[in-house]
Each structure stands twice: as structure tokens, then as C-alpha cells.
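What follows is one structure encoded as C-alpha cells, with my remarks underneath.
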There are 2 protein chains.
Amino acid sequence: MSRPAQRAKTAARSGKTRPAEVQASALRQTRREHANETAEDYAEAIAELTAATGEARATDLARRLGVSHVTVIRTVARLQRNGLVTTRPYRSIFLTEKGTRLAEASRQRHELVVEMLRALGVPEAVAQSDAEGIEHHVSPETLATFQRFLHRQAGTPQK
Amino acid sequence: MSRPAQRAKTAARSGKTRPAEVQASALRQTRREHANETAEDYAEAIAELTAATGEARATDLARRLGVSHVTVIRTVARLQRNGLVTTRPYRSIFLTEKGTRLAEASRQRHELVVEMLRALGVPEAVAQSDAEGIEHHVSPETLATFQRFLHRQAGTPQK
DNA sequence: TGCAACATGTAGCTCAGGCTACATCATCCG
DNA sequence: CGGATGATGTAGCCTGAGCTACATGTTGCA
């Protein structure tokens with residue numbers, strides 16, 4: 001089996017594919033985003049539960065997020081370390097100022113992504129479901145573009 | 001501090017927010033997708049490297065994916081367990097039939113997402129970067145919708 | 001040919017995010 | 001007012017994905 005060895009590297013970099021470093025940093029970015037996904041999902045859920053029932057309890061969160069209550073408790077502990085929520089043993093969970101801001105931003109982004117998908121013709125249910133995964137990876141620039149697009153759509157009700 | 005306790009649950013379910021179970025399953029879906037993200041990224045990278053240089057080596061993969069070579073080696077071992085790649089100690093990494101299919105599907109999806117973002121007016125660089133995160137969460141339905149939209153756009157060069 | 005340089009592999013750690021099984025706490029109601 | 005029931009917490013496990021430090025293979029070239 002022949003091995004171009006060290007030369008291959010050079011060939012790869014001059015190749016027609018996107019430069020390795022560019023992709024690498026995009027992927028690093030994606031991984032970094034992933035670290036925030038959980039926090040955003042929790043913040044959103046806590047905000048919704050609080051709005052709906054006046055408080056967010058671990059068990060309700062667990063049901064809404066589709067995980068066990070143990071996972072909720074441990075994750076909430078981490079969110080508390082990071083200053084997003086406050087909670088006391090055997091008591092409800094509340095968002096801090098910072099957590100509230102995160103929840104609000106997430107909600108808005110979620111809505112915008114859903115509207116965007118809907119505007120393109122994606123069925124409501126699918127839009128909701130896909131948005132759950134997509135929303136965490138939409139950059140501010142892209143979000144702004146979505147907003148412009150939706151605005152334009154609203155202005156010119158074509159078809 | 002008053003606690004509605006068991007009643008709260010009932011109130012929550014009759015509330016105006018989307019039903020907990022619906023969101024829970026969407027989030028579960030997202031988590032499931034996440035498990036495949038790494039595999040898709042690796043498959044794509046291996047395919048590109050193989051196309052460009054005739055082989056995919058751990059070090060090149062590491063550079064392209066933005067991780068250490070150790071991470072690559074361990075992940076590749078897992079991909080091999082899952083039947084996506086073949087490799088022998090101190091030798092290059094090759095995609096299996098299954099891995100090739102995954103890579104191809106990922107590439108197509110990636111391209112489509114980038115085109116979609118571009119069509120909406122997102123700058124090229126941002127589109128590439130965002131697509132890296134978004135592509136893994138686009139359902140077949142949404143993908144098909146994108147395709148229809150792009151087709152329609154091509155037909156009616158408006159603006 | 002043999003060694004320097006580079007690639008690959010191993011050991012052992014961290015953290016996030018899952019889980020089950022079991023223990024403890026709080027509340028409501030008989 | 002004291003359980004029964006349900007919510008909360010703890011212990012301990014797993015997997016994935018990342019890392020550094022060190023060990024071992026491979027190979028090109030002096």
C-alpha cells in the first residue's frame with residue numbers, strides 16, 4: 001500500500017475543497033454552541049412553566065424536556081453554578097436576571113426560526129420540531145436575514 | 001412560600017403553551033440527532049480527504065475537524081464498531097459502503113442548506129459556518145421544502 | 001542503513017448528559 | 001396528626017467527546 005505520507009498534506013491544502021482551518025473553526029463553533037443548547041432549552045422551559053403555573057418544578061421540567069428528574073436536578077445545579085437560576089432544596093426553580101434574558105432571547109429566536117420555516121412552506125408540526133434543533137445554530141447575521149426576509153414577505157403577499 | 005403542588009401539574013397541561021409531550025419528543029429527537037452529528041462530520045471529512053488526496057489520515061482529519069489526533073483515533077474506533085469505516089493500526093481510514101452513503105447524504109444536505117441560506121441573502125461565509133450546525137437538524141420534509149423553494153427561485157428570478 | 005521527524009497509539013484525566021435504584025422530604029387527606 | 005403518595009435528592013453507573021503526556025511505529029533522507 002503506497003503512502004504519499006507527508007506530501008499528501010500539502011496536496012490536501014492546495015486542493016479544491018474548503019480550507020481545513022475554515023471548516024475546523026466552524027465545527028469548533030458548533031461544538032461551543034452545543035454547550036449552550038441545554039442551558040437555553042432549560043431556560044426556555046423554566047420561563048414557560050413559570051408563566052403558565054407560577055413556578056417551575058423539577059418533575060414538570062423533566063416531563064417537558066423528556067429526561068429523568070435526576071438529570072434535571074443535576075443540570076439545574078450546573079445552571080445555578082453558572083448564575084442562570086436560583087433554587088433551594090425541595091423548592092422550585094427560578095430564573096435569575098441573566099437566565100431570564102437567555103430565555104427571552106431563545107424564545108424569540110425559536111419563534112423566528114419557526115416563522116421562517118413556515119414561510120418557506122414547511123408544515124407547522126415539522127417546523128416546530130426542526131426549529132428545536134436548528135435554533136441553537138443560527139448566527140445573529142442569519143437571524144437578521146430571516147427577519148428581513150419575513151418582513152419583505154409580509155410587505156409583498158405574493159402567490 | 002405557597003405551593004400549588006400537585007394541582008400545578010394539571011394547570012400546566014391545560015395551559016396555552018405547547019403540550020409538554022410534544023416538545024419533549026422534539027427535544028429527544030434533537031438529542032438523538034446529536035449522536036449522529038459526529039459520525040456525519042467525520043464521514044464527510046473522510047470522503048473529502050479521500051477524494052482530494054487518495055486517503056484519509058488521522059492527523060489530517062484532526063486538523064480539518066479541529067480536534068486532537070487522539071480524539072480522532074477514538075472516534076474512528078467507534079465509527080468502525082458501527083460499521084462506517086475500516087482501518088488498521090498505523091494505516092489510513094476508509095469509508096465502508098454504509099459510510100460512503102452517509103457521507104454523500106450529508107454532503108448533499110450541507111450543500112442544500114448552504115444554498116438555501118445564500119438564497120435568503122446570508123453572506124457566503126456565514127452560510128457555510130451556520131450550515132455546519134444547522135444541517136444535522138433538518139428533517140427530510142424541510143429538506144424537500146428547501147429544494148422546492150430553490151427550484152421556484154431559479155425559475156422566477158425576481159427582484 | 002540508521003536515525004530524526006512525524007504519525008499513530010495508549011493511559012488516564014475532565015466534563016456533560018443520560019440512566020436506575022434507593023433514600024429522604026413535604027403535603028394532603030382520612 | 002400520621003401515613004401514603006408524590007416530589008426531590010443521592011449514589012453510582014455508562015457513553016461520548018474532549019484534553020495532555022508519553023510510548024511506539026514508519027518512513028524519508030543524510
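Not measured: the values here are computed from a predicted model. Residue numbering restarts at 1 for every chain, and letters A, B, ... go by the order of the sequence lines.
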For a quick test of reading the model: is some side-chain N or O of [X] closer than 4.0 Å to OP1 or OP2 of [N]?
{"X": "A:R74", "N": "C:dG17", "answer": "no"}
{"X": "A:T38", "N": "C:dG17", "answer": "yes"}
{"X": "A:R91", "N": "D:dT8", "answer": "no"}
{"X": "B:T59", "N": "C:dC6", "answer": "no"}
{"X": "B:R81", "N": "D:dG16", "answer": "yes"}

Separation of atom [atom1] in [X] from atom [atom2] in [N], rounded to whole Å:
{"X": "A:R32", "N": "D:dG18", "atom1": "CZ", "atom2": "P", "result": "13 Å"}
{"X": "A:L49", "N": "D:dA7", "atom1": "CG", "atom2": "P", "result": "13 Å"}
{"X": "A:R31", "N": "C:dA16", "atom1": "CZ", "atom2": "P", "result": "16 Å"}
{"X": "A:H34", "N": "D:dT15", "atom1": "NE2", "atom2": "C1'", "result": "13 Å"}
{"X": "B:I73", "N": "D:dA17", "atom1": "CD1", "atom2": "P", "result": "16 Å"}
{"X": "B:D60", "N": "C:dT8", "atom1": "CG", "atom2": "C1'", "result": "12 Å"}
{"X": "B:L65", "N": "D:dG16", "atom1": "CG", "atom2": "P", "result": "17 Å"}
{"X": "A:R88", "N": "D:dT8", "atom1": "CZ", "atom2": "P", "result": "13 Å"}

Going from [atom1] on [X] to [atom2] on [Y], what distance comes out if it is rounded to the nearest 0.5 angstrom?
{"X": "B:E141", "Y": "A:L117", "atom1": "CD", "atom2": "CG", "result": "11.5 Å"}
{"X": "A:Q147", "Y": "A:E115", "atom1": "CD", "atom2": "CD", "result": "9.0 Å"}
{"X": "B:H136", "Y": "B:D41", "atom1": "NE2", "atom2": "CG", "result": "4.0 Å"}
{"X": "A:T142", "Y": "A:F149", "atom1": "OG1", "atom2": "CZ", "result": "14.0 Å"}

When A:V67 and A:P89 are each assigned the nearest nucleotide of DNA chain C, the 5'-most assignment goes to A:V67
Could you list, one pair per line, each protein nitrogen or oxygen that sits under 3.5 Å from a nitrogen or oxygen of nucleotides 20-25 of chain D, together with the distance?
from, atom 1, to, atom 2, distance (Å)
D:dG25, O4', B:Y90, OH, 3.1

Within the structure provided, determine whether A:Q128 and A:V114 are in side-chain contact (heavy-atom separation under 4.5 Å).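 Answer yes - side chains close enough.
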For A:V85 and A:I46: C-alpha separation, side-chain torsions, deciding distance, then whether side chain to side chain contact (heavy atoms under 4.5 Å, CB included) applies. CA-CA 9 Å; A:V85 306; A:I46 293 169; 3.9 Å; yes
Would B:R107 and B:E111 pass as an ion pair if we require N to O under 4.0 Å? no
